[in-house]
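All values reported here derive from a predicted model rather than from experimental measurement.
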Amino acid sequence: METSDPSTSSFEELTRVRERMFSPFAVRSFETRGREKAEEPCSLRTPFQRDRDRLVHSKPFRRLKGKTQVFIDPQGDHYRTRMTHTLETTAISRVVARALRLNEDLVEAIGLGHDTGHTPFGHAGEQALDAALSAEFGRRFRHNEQSSRIARRLNLTHEVCDGILTHTGDQEPETLEGKIVRLIDRVAYINHDIDDAIRYGILRESDLPRDEIELLGATGTDRIDRLVHDVVDASEQAGTIEQSPEIGEAMLSLRAFMFEHVYLGPQVGPEHERARNVVQAIFVQLVDDPELLPPGDGDTPERITDYISGMTDRFALSYVRGS
C-alpha cells in the first residue's frame, strides 16, 4: 500500500536495510503476505511489531495469567501459569531466531499469541470442552485453532496467524520462524514443568530418567542451554529448524516420562476430574440457557466455545459456585 507519509517511508527503508543482514530463509517484515483486512502502515513499527503490541494489549493475552499450565490453582506464587509459559517460550524462541538471523519480531508475535485460545485448567480443560462440543454439536476444540481465531479477529498478519495455528498439531508452519516456536514450545514446557512438578511434590530429582538427564543436563537451566545450542547448530547445518537425532530423541523420551508421571499421572487425576466437571457443568448450563452468553459473533456453539475457552481458572470455578 502506498503512503505519502515521509516518516513511514523512511522507517520502512531503514528496516529493509537492517533486514538485509537476515538469513536468506528469513521472512522480511515488509514482505508479509498481509492481513485479511488492509490497514495503513505504522510509521514506527513493522507489521510484525504491530502484531506483537496488539497481542500484548489484548484481553485474551491478559487472561493467560489466570490459566493453569499444569497444576490447578496451586498454593504458591512460583508455579507457572499459561502467561509465564508464554513468556518463557517467546524469550527462548527469540534467542534461537537471533542466532539463526531470522526475524525475531515474527517469532515474538507467534510466541506471544500461540496459547491465547487455551482453556482454563490446561489440557484437562481442553479435553473436557472438546468432548462436550463433540457430544452436543459434533464439533471439536483445539486450542491452537482457537488461538488462530483470536489472531484473525485481531487482524494479525498471515505469517503470525499461520505460526500460531501450527505451533502444535499435524500441520507444519510455513515459515522457519513458526517452526522455531513449534519446537521451543516443547523445550520450554518440558523443563519448567519438571521444576513445578518437583516443587509440587510429584517428582524428586532422583526420579528423572538418568540417561536423558546426563545427556541434557542436571538443571533446567543446563537443559535449556543444551537444547538451544543443539537447535541452533543442527538448524544451521540443515537449513531448517531441527534437533540433532541424539538430543531430539532424549527430549522426546523426557517428554514421554512427563506424560506418564506428571501430565497423566495418578496424582493429578482428581484435579483433572475436577476440571472436567467444572467445564462440563458450565457447558450444560450455557446449552440449556444461551441467554447467559455475553454478546458475540457466530452461532451458539461458537459463542459457547469463545466464552468457556476465554475463562480463567478462577472465573470458571466461581461461575460454577455461583450457579
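- Once rounded to the nearest 0.5 Å, the distance linking CG of Leu216 with CG of Leu208 reads 11.0 Å.
- Met251 is connected to Phe259 through a chain of hydrophobic side-chain contacts under 4.5 Å among Ile, Leu, Val, Met, Phe, Trp and Tyr, so both are in one cluster.
- Ion pairing between a basic and an acidic side chain is recognised when a charged N comes within 4.0 Å of a carboxylate O; Glu273 and Arg276 show such pairing.
- In this structure, the separation between CZ on Phe315 and OH on Tyr307 is 3.5 Å, given to the nearest 0.5 Å.
- Comment: Arg149 does not engage Glu145 in a salt bridge, judged by the lack of any side-chain N to carboxylate O separation of less than 4.0 angstrom.
- By the criterion of side-chain heavy atoms lying less than 4.5 angstrom apart, applied directly or through intervening Ile, Leu, Val, Met, Phe, Trp or Tyr residues, Phe141 is grouped together with Ile304 in one hydrophobic cluster.
- Without hydrogens or angle criteria, Asp230 side chain to Gln243 main chain gives no donor-acceptor distance under 3.5 Å.
- Nearest heavy-atom pair across Ile241 and Ser235 is CA-OG, 3.3 Å.
- Between Ser253 atom OG and Ile213 atom CD1 the span is 9.5 Å, to the nearest 0.5 Å.
- Leu252 and Val231 sit in two unconnected hydrophobic clusters of ILVMFWY residues. Membership requires side-chain heavy atoms under 4.5 Å apart, directly or through other members.
- Heavy atoms only, all atoms of each residue included: Ala197 and Val262 are closest at CB-CG2, 3.9 Å.
- Remark: the Asp105 side chain and the Gln49 side chain contain an N/O donor-acceptor pair separated by less than 3.5 Å.
- Salt-bridge formation is detected for the pair Glu172/Lys179: a Lys NZ or Arg NE/NH1/NH2 atom is positioned less than 4.0 Å from an Asp or Glu carboxylate oxygen.
- For Asp53 and Arg50, the salt-bridge test fails: no basic side-chain N is under 4.0 Å from an acidic carboxylate O.
- Side-chain atoms of Asn144 and Thr166 include no donor-acceptor pair closer than 3.5 Å.
- Between Arg274 and Glu271, at least one side-chain nitrogen of the basic residue sits less than 4.0 Å from a carboxylate oxygen of the acidic one, meeting the salt-bridge criterion.
- In this structure, a donor-acceptor pair under 3.5 Å is present between the side chains of Asp51 and Thr157.
- Side-chain polar atoms of Thr219 and Asp222 form a donor-acceptor pair below 3.5 angstrom.
- In this structure, a donor-acceptor pair under 3.5 Å is absent between the side chains of Thr305 and Gln146.
- Put simply, the residue from Leu133, Asp130, Leu129 that forms a side-chain contact (heavy atoms from CB on, under 4.5 Å) with Arg140 is Asp130.
- For Glu104, the side chain to side chain donor-acceptor pair (under 3.5 Å) partners two or more places apart in sequence, or in a different chain, are Arg94, Arg98.
- Thr86 and Asp115 share no side-chain donor-acceptor pair at under 3.5 Å.
- Side-chain rings of His123 and His272 stay apart, their centers remaining 6.0 Å or farther from each other.
- In this model, no donor atom of one side chain and acceptor atom of the other lie less than 3.5 Å apart for Asp196 and Gln69.
- Under the 4.5 Å side-chain heavy-atom criterion for ILVMFWY residues, no single connected hydrophobic cluster contains both Val320 and Val284.
- Closest heavy-atom contact between Arg35 and Leu156: NH1-CA, 3.6 Å.
- Salt-bridge formation is not detected for the pair Asp299/Arg303: no Lys NZ or Arg NE/NH1/NH2 atom is positioned less than 4.0 Å from an Asp or Glu carboxylate oxygen.
- With values rounded to the nearest 0.5 angstrom, Ile184 atom CD1 is found 7.5 Å from Leu227 atom CG.
- Sorted by first and then second residue, the pairs that involve residues 184-193 and meet side-chain hydrogen bond (donor to acceptor under 3.5 Å, both in side chains), not counting sequence neighbours, are His85-Asp185, His85-His192, His114-Asp185, Tyr189-Arg255, Asn191-Arg223, Asp193-Tyr263.
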